[in-house]
Amino acid sequence: MTNPDSHRIHSSDHWVAHPQGRIFARAWTPSYKSTDPAPRCPVVLFHDSLGSVELWRDFPLRLSEATGRRVIAYDRLGFGHSDPRGALPSLDFVAEEAAAYFPVVLAQLGLSEFIAFGHSVGGGMAVHCAAVLAGQCRALITESAQAFTEDRTLDGIRVAKAQFKDVAQVQRLEKYHGDKARWVLDAWTERWLHPDFASWSLAPVLPQVRCPTLVIHGRQDEYGSARHPEMIGEGCSGPSQVEILPDTRHVPHREQPDTVIDLVSRFLAALG
């Protein structure tokens with residue numbers, strides 16, 4: 001078995017050409033010895049509504065070190081280093097990531113298989129990718145993912161929207177998204193709070209997920225109750241493991257990084 005501690009991690013940046021603009025991706029790749037087994041299936045990270053590659057901070061590096069796997073994160077179009085978008089995403093934006101954007105990333109990075117790891121709305125996108133690309137997705141990990149439009153979720157977004165009336169808050173977003181910051185904020189608040197988005201749910205797509213699934217959620221998550229991870233775990237067709245972390249809010253990989261990395265490492269090790 002490969003010893004992850006023996007790996008040096010190399011990071012590299014990539015640009016994916018999409019018809020609507022360039023998508024930025026970064027990969028953290030362990031250096032394997034000639035005597036090591038073939039590199040294992042990579043983990044692809046799907047960021048949250050205000051997220052980006054940079055906002056994962058050192059988590060991808062640590063995850064690559066712990067698992068001995070290549071870890072890839074990308075900025076969705078309109079976010080981070082990726083090219084800007086004009087109009088806001090459609091109300092079907094969660095499913096559209098799997099239908100229109102991620103397959104292009106997958107193809108141009110030369111990935112024949114992947115493990116999907118999504119945080120918050122990225123978790124919903126990871127669910128769709130695991131379903132639509134079932135032949136290539138070997139495992140699914142969701143963290144703080146929403147499965148439907150719960151009142152707690154919408155209330156949390158309303159609070160955040162009010163806070164972003166403070167120019168200083170928007171300037172914090174600009175650090176990661178540049179002049180796309182206002183678009184990023186509107187893409188979150190105006191889609192989730194749109195009346196026609198109220199009926200959105202992962203329920204129809206969950207049965208199409210047949211791979212092993214790990215569902216991580218903070219018990220004090222301000223954007224979703226424990227019903228979300230329960231629904232994901234119960235709805236997937238494949239084997240699932242649900243972990244509710246005490247004293248944890250919406251960003252477990254930042255609040256409890258050692259716990260999350262341990263859970264993910266054990267889960268992936270069991271895949272063989």
Side-chain angles (χ1 to χ4, degrees), residues 23-26 43-60 62-63 71-82 85 88-89 93-98 101-102 105 116-130 140-150 152-161 163-164 169-170 172-178 180-193 197 200 202 214-218 220-225 228-229 232 245 248-257 260-261 264:
I23 295 173
F24 173 77
R26 179 169 293 159
V43 180
V44 179
L45 302 179
F46 297 79
H47 64 73
D48 63 297
S49 293
L50 301 181
S52 69
V53 169
E54 303 292 352
L55 275 166
W56 285 105
R57 300 180 184 175
D58 67 345
F59 180 74
R62 293 189 59 189
L63 186 61
V71 175
I72 300 165
Y74 74 97
D75 290 330
R76 293 195 295 275
L77 201 62
F79 295 78
H81 298 299
S82 291
R85 293 177 64 174
L88 293 180
F93 69 98
V94 181
E96 284 179 352
E97 191 63 28
Y101 298 100
F102 182 61
V105 174
F117 182 134
H119 172 235
S120 192
V121 75
M125 293 173 178
V127 166
H128 276 273
C129 289
L140 167 67
I141 303 164
T142 68
E143 180 196 27
S144 310
Q146 298 91 8
F148 60 100
T149 52
E150 186 180 36
R152 181 191 296 193
T153 308
L154 301 181
D155 289 344
I157 294 171
R158 291 186 185 100
V159 169
K161 182 177 179 178
Q163 292 173 340
F164 273 102
Q169 296 294 327
V170 177
R172 288 177 60 191
L173 272 187
E174 290 174 352
K175 177 181 178 181
Y176 301 99
H177 303 289
K180 301 186 294 292
R182 177 55 64 179
W183 182 94
V184 168
L185 180 60
D186 289 344
W188 176 38
T189 61
E190 303 315 301
R191 297 300 83 180
W192 276 88
L193 297 178
F197 194 69
W200 173 82
L202 289 179
L214 172 63
V215 186
I216 301 172
H217 203 84
Q220 280 73 48
D221 191 326
E222 63 271 36
Y223 291 104
S225 70
H228 294 272
I232 294 171
L245 306 186
T248 308
R249 292 168 64 84
H250 190 59
V251 194
H253 69 268
R254 192 176 303 158
E255 301 166 53
Q256 305 281 353
V260 172
I261 288 172
V264 173

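What you see below is based on every heavy atom in this structure, not just the backbone, and it leaves out hydrogens, waters and symmetry mates. Residue numbers run from 1 in the order of the sequence given.
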With a 4.5 Å cut-off on side-chain heavy atoms, are [Y] and [X] touching?
X: F164; Y: L50; value: yes
X: Y74; Y: F79; value: no
X: Q169; Y: L173; value: no
X: L55; Y: H47; value: no
X: V260; Y: L245; value: yes
X: W192; Y: V121; value: yes
X: H81; Y: E54; value: yes
X: R76; Y: I23; value: no

Query raised in the report: With under 30° as parallel and over 60° as perpendicular, where do the rings of F148 and H228 fit, or are they tilted in between?
Result: parallel
Could you pull out the closest heavy-atom pair between [X] and [Y], with the gap in Å?
X: G118; Y: A126; value: N-CB, 3.9 Å
X: I232; Y: A147; value: CG1-CB, 4.1 Å
X: V251; Y: S144; value: N-OG, 4.4 Å
X: S225; Y: R152; value: CA-NH1, 3.6 Å
X: L88; Y: A187; value: CD2-N, 3.7 Å
X: S82; Y: F24; value: OG-N, 2.8 Å

Query raised in the report: Do W183 and H177 have ring centres separated by under 6.0 Å?
Result: no
Which distance, rounded to the nearest 0.5 Å, do you find between the [atom1] of [X] and the [atom2] of [Y]?
X: E190; Y: K161; atom1: CD; atom2: NZ; answer: 3.5 Å
X: L202; Y: T142; atom1: CG; atom2: OG1; answer: 9.0 Å
X: I216; Y: T248; atom1: CD1; atom2: OG1; answer: 10.5 Å
X: E150; Y: D221; atom1: CD; atom2: CG; answer: 9.0 Å
X: R249; Y: E255; atom1: CZ; atom2: CD; answer: 7.5 Å

Spell out, as yes or no, whether a donor-acceptor pair under 3.5 Å connects the side chain of [X] to the backbone of [Y].
X: R191; Y: F197; value: no
X: T153; Y: T149; value: no
X: D75; Y: V53; value: yes
X: H217; Y: G224; value: yes

Report task. Report the residues that fulfil ring pair (Phe, Tyr, Trp, His ring centres under 6.0 Å) with F117, sequence neighbours left out, ordered by chain and then residue number. Result -> F59
Query raised in the report: Between H250 and S120, is a side-chain hydrogen bond (donor to acceptor under 3.5 Å, both in side chains) present by the stated rule, with each step listed?
Result: CA-CA 8 Å; H250 190 59; S120 192; 2.9 Å; yes
Query raised in the report: Hey, are R158 and D155 close enough for a salt bridge, meaning a charged N less than 4.0 Å from a carboxylate O?
Result: yes
Requested in this report: Determine, stepwise, if the pair F46 / Y101 fulfils ring-ring contact (aromatic ring centres under 6.0 Å, His included).
Outcome: CA-CA 12 Å; F46 297 79; Y101 298 100; over 10 Å; no
